[in-house]
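Note sheet for the following structure.
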Amino acid sequence: MEQNQIREILKYKVVAVVGLSKDPEKSSHRVGTYLKQHGYHIIPVKPLLNRGSWRKCYKSLHDIPVEIQQTIEIVDIFRSSKDVPPVVEQAIKIKRICGKPFVVWMQRGVVNEEAAEAAKQAGLIVVMDKCLKAEHTLSRISRHKQSISSACFLPL
């Protein structure tokens with residue numbers, strides 16, 4: 001996936017994080033916290049999570065109330081690759097009903113070609129094996145470098 005496509009995806013601000021952990025040492029917790037600190041609205045999804053630092057947590061995408069499902073733009077998946085298909089199936093069903101989400105994002109180390117193909121066939125953008133936090137950070141650094149570069153340009 002091209003970097004400009006990633007930058008466009010990063011403009012979406014409502015993220016359902018599937019597999020969010022309350023353990024601050026876990027990647028899902030760190031990514032969710034980072035995104036929240038950078039203006040994203042996080043919808044936590046994990047069957048065994050009892051709120052923790054998140055205001056409300058849902059057992060699955062289907063357990064999210066419809067009025068909240070309608071706002072989800074990215075489904076960020078922190079599950080093993082073999083556990084991805086049911087999550088993608090739920091995202092596809094929600095998209096058919098609500099017109100969203102737009103993106104299924106499988107975090108670094110998560111790859112499921114079958115689920116990715118099903119998501120693409122349903123009109124979802126798919127990102128696999130990339131960290132949303134890392135991509136956001138890279139995008140911010142790139143924008144910062146561009147602003148420095150254009151600020152330093154002196155016409156002859």
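Everything quoted here is computed from the prediction, not taken from an experiment. Just the heavy atoms: all of them, side chains too, but no hydrogens, waters or symmetry mates, feed the values below.
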Tell me, do [X] and [Y] make a side-chain contact under 4.5 Å, heavy atoms counted?
X    : Y   : result
K130 : I6  : yes
F78  : L20 : no
Q69  : I64 : yes
V31  : D76 : yes
I68  : Y58 : yes

What verdict does the side chain to side chain contact (heavy atoms under 4.5 Å, CB included) test give for Q90 and S60, after you've listed the backbone C-alpha separation in whole Å, the side-chain angles of each residue and the deciding distance to 0.1 Å?
CA-CA 8 Å; Q90 290 178 30; S60 72; 3.5 Å; yes

Backbone N/O of [Y] and side chain of [X]: donor-acceptor pair under 3.5 Å:
X    : Y    : value
Y40  : L10  : yes
H41  : V14  : no
S81  : V111 : yes
S139 : E135 : no

Hey, could you give me the NZ/CD1 distance between K120 and I125, rounded to the nearest 0.5 Å?
11.0 Å

In short, I94 meets P101 closest at the heavy-atom pair CG2-CD, 4.0 Å

Of all the heavy-atom pairs spanning E73 and K13, show the shortest one and how long it is.
OE1-N, 2.7 Å

